[in-house]
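Below is one structure, written out as structure tokens; the observations come after it.
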Amino acid sequence: MNGETIPTAAIAAEAQNHNAPRDKPGIAWRKAAQALAIRALMLQEARTRGLEADPEELAPGRFETEDEALIRTLLDEALTIPQVTDEAVRAEWAKDPGRYRSAPLWDVSHILCACDPRDEAERPMAEARAQDLLARLKGDARGFADVARDSDCGSKAAGGHLGQLGPGDTVPEFEAALRVLAEGGMTTAPVLSRHGWHIIRLNATAPGQVLPYDTVRPKIAQALEKAAWARASRDFIEALAEEAQISGASLAPI
């Protein structure tokens with residue numbers, strides 16, 4: 001990068017932070033090389049401009065590194081982000097007002113066969129038990145409350161009923177299974193979470209209500225500002241790359 005060499009060891013360490021298919025580890029390597037190349041370009045530009053780092057506190061006792069502070073200072077100086085107008089926000093909202101809704105509510109019941117999913121002996125035993133309970137239901141959720149008496153969750157006293165849940169009220173793996181169920185439907189196979197194996201029934205669902213413009217305006221404005229910042233930073237990096245001498249890495253999208 002303009003005569004600066006990025007060590008192979010640095011790329012190898014950075015590659016751990018990038019996703020890639022298991023059979024294509026080279027993609028993670030290329031992403032890492034690209035990320036470090038962009039970082040080097042920005043640090044070089046910051047030093048050329050004579051900028052100084054002033055690390056900010058990100059959280060109690062946790063501060064930016066010198067390089068992070070220098071890059072932030074550079075972008076603050078180099079990028080000019082146009083102000084988001086009310087007209088732009090309203091136009092974005094008008095594309096599909098139905099996108100902006102309050103959170104849905106799900107009325108849910110479940111049966112839990114508890115286990116530590118990391119335990120290679122305990123996990124299959126709990127799964128077999130969950131399969132047996134599922135077989136007792138014979139695909140008919142109407143008998144759910146009776147079978148739920150054998151659940152390992154305290155909700156068994158209420159027929160497995162968990163009440164009304166919203167997004168984030170359960171662990172992600174449970175919610176992911178819940179989101180694809182039709183009202184009145186039940187999972188066709190046990191679902192593994194950090195708590196064990198679940199049989200899940202969606203008793204009823206209440207879709208979120210469409211929110212008025214004034215309520216969602218700040219959220220839309222923030223999204224438009226972030227998009228504008230991303231475009232401006234991408235254009236800035238591309239301009240730096242056009243003037244740079246680069247070998248061994250590509251800044252083209254991967």
Side-chain angles (χ1 to χ4, degrees), residues 1-20 25-93 95 99-100 103 167-168 171-172 211 213-254:
M1 306 298 299
N2 294 322
E4 177 183 344
T5 299
I6 298 175
T8 300
I11 299 174
E14 176 67 20
Q16 301 176 36
N17 300 321
H18 299 272
N19 295 325
I27 292 179
W29 184 274
R30 288 165 53 202
K31 288 180 178 179
Q34 185 178 91
L36 293 178
I38 291 171
R39 183 185 185 89
L41 276 178
M42 290 194 289
L43 289 173
Q44 289 172 3
E45 179 66 16
R47 294 180 183 115
T48 297
R49 295 184 181 214
L51 301 179
E52 295 183 0
D54 183 16
E56 292 184 351
E57 189 172 16
L58 303 176
R62 179 171 170 262
F63 290 83
E64 293 177 311
T65 66
E66 292 285 325
D67 285 353
E68 289 170 343
L70 199 54
I71 289 172
R72 174 180 50 77
T73 302
L74 170 66
L75 294 177
D76 287 345
E77 177 180 287
L79 303 186
T80 301
I81 311 300
Q83 184 176 3
V84 175
T85 64
D86 189 65
E87 290 76 12
V89 175
R90 188 171 290 277
E92 182 65 23
W93 171 80
K95 290 178 183 178
R99 287 182 295 170
Y100 308 102
V171 294
L211 297 170
Y213 172 74
D214 288 342
T215 300
V216 299
R217 186 196 182 286
K219 180 180 179 181
I220 299 173
Q222 184 181 49
L224 292 177
E225 288 170 358
K226 288 177 67 176
W229 188 93
R231 286 193 300 271
S233 60
R234 183 175 60 248
D235 291 344
F236 176 63
I237 291 168
E238 289 178 353
L240 291 179
E242 287 178 0
E243 300 297 325
Q245 295 180 345
I246 305 172
S247 62
S250 170
L251 300 192
I254 298 174

So, taking the atom named [atom1] in [X] and the one named [atom2] in [Y], what distance separates them when rounded to the nearest 0.5 Å?
X: S233; Y: I71; atom1: OG; atom2: CD1; value: 12.0 Å
X: E77; Y: R49; atom1: CD; atom2: CZ; value: 5.0 Å
X: D54; Y: E64; atom1: CG; atom2: CD; value: 8.5 Å
X: L41; Y: N2; atom1: CG; atom2: CG; value: 6.5 Å
X: L75; Y: I81; atom1: CG; atom2: CD1; value: 9.0 Å
X: E14; Y: I11; atom1: CD; atom2: CD1; value: 9.5 Å

Mind listing the side-chain donor-acceptor pairs of residues 236-254 below 3.5 Å, one per line with the distance, residues two or more places apart or on another chain?
unit_1: S250; atom_1: OG; unit_2: A252; atom_2: N; d: 3.1

Report all side-chain donor-acceptor pairs from residues 217-231 shorter than 3.5 Å, counting only partners two or more places apart or in another chain.
unit_1: R217; atom_1: NE; unit_2: D86; atom_2: OD1; d: 2.7
unit_1: R217; atom_1: NH2; unit_2: D86; atom_2: OD1; d: 3.4

Original post:
Taking only residues two or more places apart in sequence or in another chain, which ones pass salt bridge (Lys or Arg N to Asp or Glu O under 4.0 Å) with R234?
Top reply: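 R234 satisfies salt bridge (Lys or Arg N to Asp or Glu O under 4.0 Å) with no other residue.
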Original post:
Hey, is E68 close enough to R72 for a salt bridge, meaning N to O under 4.0 Å?
Top reply: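 Salt bridge between E68 and R72, a charged N being under 4.0 Å from a carboxylate O: no.
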Original post:
When you look at R39 and M1, which way does the side-chain contact (heavy atoms from CB on, under 4.5 Å) test go after all the steps?
Top reply: CA-CA 10 Å; R39 183 185 185 89; M1 306 298 299; over 6 Å; no
**OP:** Please examine the side chains of R47 and L70, heavy atoms only from C-beta on, and report whether any two atoms are closer than 4.5 Å.
**Re:**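 A side-chain contact exists here, since the closest heavy-atom pair is under 4.5 Å.
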**OP:** Kindly check if the number of other-residue, nucleotide or ligand heavy atoms within 6.0 Å of CG (N19) is above 12?
**Re:** no
Subject >> Minimum heavy-atom distance A69-A53, with the two atoms named >> reply: CB-CB, 3.9 Å
Subject >> Residue pair I27 / A20: nearest heavy atoms and the distance that separates them >> reply: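 Nearest pair, atom of I27 first, then A20: CB-CB, 3.9 Å.
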